[in-house]
Structures are given as C-alpha cells and as structure tokens.
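Being a predicted model, the structure only gives us computed values, none of them experimental. Quick note: residue numbers are just sequence positions, from 1.
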Amino acid sequence: IQNNNKVIFDPAGKLEELYRRYAGELYLYAYSLCQNRARAQDLTAEAFCRALLSLEGEGVQWRGWLFKVCRNLWLDELRRGKYLAPEPPDPERLPAEGDILEELIRQETRRTVYQAVQARSPADREVITLYYYGELSLKEVGAAMGISPGAARTLLCRARKKLKTRLEGQL
C-alpha cells in the first residue's frame with residue numbers, strides 16, 4: 001500500500017498470498033501427521049496465525065518455515081497429550097481425464113499408494129509427504145523436520161524401500 005509516496009507494509013495481503021500458495025500443501029502435511037481432518041485444519045490455521053505474527057521478515061523461506069511451524073505445533077500437542085484418535089484416510093479424488101476406466105485405475109493406484117504411505121511410521125509418512133506431496137527439496141524437508149538434509153535423504157531412501165516392499169504385488 002502506498003501513502004504519500006511511502007510504501008506501507010500490507011500484512012493482510014502478504015498473508016493472503018501465502019495462504020493461497022501453501023494452504024493446500026500444508027493441510028495435506030498436517031493431515032499426514034495427525035490423521036484427523038479437523039485437527040489438520042486447526043494446525044494449518046495456527047501455522048498461518050504464527051506466520052501473521054512474523055510477516056515482517058523479508059527473504060524468509062516461507063514454505064519450509066510453515067511446514068516446520070506446523071510440525072512443531074503437532075509435536076507440542078503430542079507432548080501435552082492432546083492427540084486425537086485418527087480417522088480413516090479419505091484421499092481427494094482428482095477430476096477424470098480421458099477414458100473413465102483408465103481414470104478409475106489411476107484413482108485406485110493413487111488410493112493404494114496413499115493408504116500405504118499412511119500406514120507407515122510417523123517419520124516415514126512425514127518425510128514422504130513433505131518430499132512427494134509437498135514437493136519440498138531435501139534441504140527444506142530437513143529444515144521442516146529439524147534434521148540435516150543428509151539425514152532427510154537417508155530417511156527418505158529407507159521410507160521408499162519400505163513403501164516399495166509394502167506395495168509389491170498390489171500395483
């Protein structure tokens with residue numbers, strides 16, 4: 001916003017931009033942590049509230065920072081014993097493209113992979129979700145999880161091997 005040729009910082013506009021850009025990814029990540037839709041929505045909202053308090057920082061890697069805040073909020077809840085029992089996963093369906101039969105096969109494959117990911121340990125589920133669904137780099141994954149990029153790479157490699165073993169014969 002400009003006022004008398006002065007640029008005034010617009011935190012609401014910045015927050016709206018961040019929300020439009022990252023809310024979907026952050027929600028998926030939060031859901032992968034807590035396995036509860038309502039709790040995932042709360043974690044996502046709380047992460048953006050924390051972002052509003054920190055919007056003055058320029059050059060901040062917002063995406064990775066939001067994921068890290070979300071994870072820390074979740075860990076805080078675990079420590080306080082506020083964890084809710086998980087709901088069964090319900091992956092979103094993607095719009096049909098082309099032949100209906102091919103789309104049904106693709107949806108079933110996605111569902112099978114998603115369910116296999118959700119059945120992994122929390123650390124495996126987290127690293128796979130951040131890397132593949134959140135499309136974060138290994139450096140960003142490491143930052144979000146509080147580990148080094150090398151440790152994130154190792155964790156991801158091990159999680160992929162376990163996932164591959166679980167999915168053999170299913171796909």
Side-chain angles (χ1 to χ4, degrees), residues 17-48 51 61-75 77-78 82-171:
E17 174 191 336
L18 289 173
Y19 187 83
R20 268 192 259 124
R21 189 179 292 171
Y22 303 123
E25 296 173 16
L26 192 62
Y27 171 80
L28 285 174
Y29 174 62
Y31 185 82
S32 79
L33 293 174
C34 65
Q35 301 290 295
N36 180 287
R37 286 185 227 171
R39 194 65 226 127
Q41 289 170 348
D42 291 345
L43 287 170
T44 302
E46 181 65 23
F48 279 102
Q61 299 289 335
W62 288 106
R63 187 175 188 214
W65 184 83
L66 283 167
F67 281 89
K68 185 171 186 168
V69 167
C70 184
R71 180 177 194 268
N72 288 339
L73 289 168
W74 172 244
L75 292 174
E77 285 191 6
L78 286 176
K82 284 188 162 182
Y83 176 68
L84 300 173
E87 297 176 1
D90 183 24
E92 295 181 24
R93 296 179 185 254
L94 299 176
E97 298 173 5
D99 184 27
I100 294 175
L101 181 58
E102 287 179 21
E103 181 58 26
L104 288 173
I105 292 169
R106 277 193 295 273
Q107 285 179 0
E108 186 60 32
T109 301
R110 285 186 202 110
R111 188 176 303 111
T112 301
V113 170
Y114 181 80
Q115 288 172 343
V117 169
Q118 295 306 310
R120 303 294 343 128
S121 70
D124 289 352
R125 188 171 58 231
E126 183 177 5
V127 74
I128 289 170
T129 301
L130 286 172
Y131 188 76
Y132 288 105
Y133 295 104
E135 298 179 356
L136 268 62
S137 69
L138 286 171
K139 182 178 178 183
E140 292 171 316
V141 169
M145 294 181 71
I147 58 178
S148 71
R153 183 181 320 106
T154 301
L155 186 61
L156 180 62
C157 181
R158 290 177 182 160
R160 279 192 291 227
K161 286 179 183 178
K162 293 175 194 172
L163 188 60
K164 180 183 176 186
T165 300
R166 175 161 178 126
L167 289 172
E168 284 178 352
Q170 291 184 10
L171 297 179

Nearest 0.5 Å, what's the [atom1]-[atom2] distance between [X] and [Y]?
| X | Y | atom1 | atom2 | value |
| --- | --- | --- | --- | --- |
| R71 | L26 | CZ | CG | 13.5 Å |
| L167 | T112 | CG | OG1 | 7.5 Å |
| M145 | L75 | CE | CG | 9.5 Å |
| L73 | L78 | CG | CG | 11.5 Å |
| W74 | L33 | CH2 | CG | 7.0 Å |
| L130 | S32 | CG | OG | 6.5 Å |

All side-chain contact (heavy atoms from CB on, under 4.5 Å) counterparts of [X], not counting sequence neighbours:
| X | answer |
| --- | --- |
| A143 | none |
| S137 | K139, E140 |
| Y131 | L138, V141, L156, R160 |
| S121 | A123, D124 |

**Study point:** Under 3.5 Å donor-acceptor, R125 side chain and Q118 backbone
**Key:** yes
Revision key, fill the gap. Across all chains, not counting sequence neighbours, the salt bridge (charged side-chain N to carboxylate O under 4.0 Å, His left out) partners of R153 are none
Just list the side-chain donor-acceptor pairs under 3.5 Å for residues 18-25, sequence neighbours left out, or say none.
residue	atom	partner	partner atom	Å
R20	NH2	E16	OE2	3.0
R21	NH2	E17	OE2	3.0
E25	OE1	R63	NE	2.9
E25	OE1	R63	NH2	3.0

Exercise for review: Decide side-chain contact (heavy atoms from CB on, under 4.5 Å) for R37 and Y27; before the verdict, give the C-alpha distance in whole Å, the side-chain angles of both, and the deciding distance to 0.1 Å.
Suggested key: CA-CA 9 Å; R37 286 185 227 171; Y27 171 80; 3.4 Å; yes
Exercise for review: For the residue pair Y114 and Y31, categorise the inter-ring angle as parallel (less than 30°), tilted (30 to 60°) or perpendicular (more than 60°).
Suggested key: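 If you compare the ring of Y114 with that of Y31, the planes turn out parallel.
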What are the two closest non-hydrogen atoms of [X] and [Y], and how far apart are they?
| X | Y | answer |
| --- | --- | --- |
| A30 | C70 | CB-SG, 3.6 Å |
| A40 | C34 | N-SG, 3.5 Å |
| V69 | A47 | CG1-CA, 3.9 Å |

Point to revise | Distance-only side-chain donor-acceptor flag, Y29 / E126, under 3.5 Å | key: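 Side-chain D/A pair, Y29 to E126: present.
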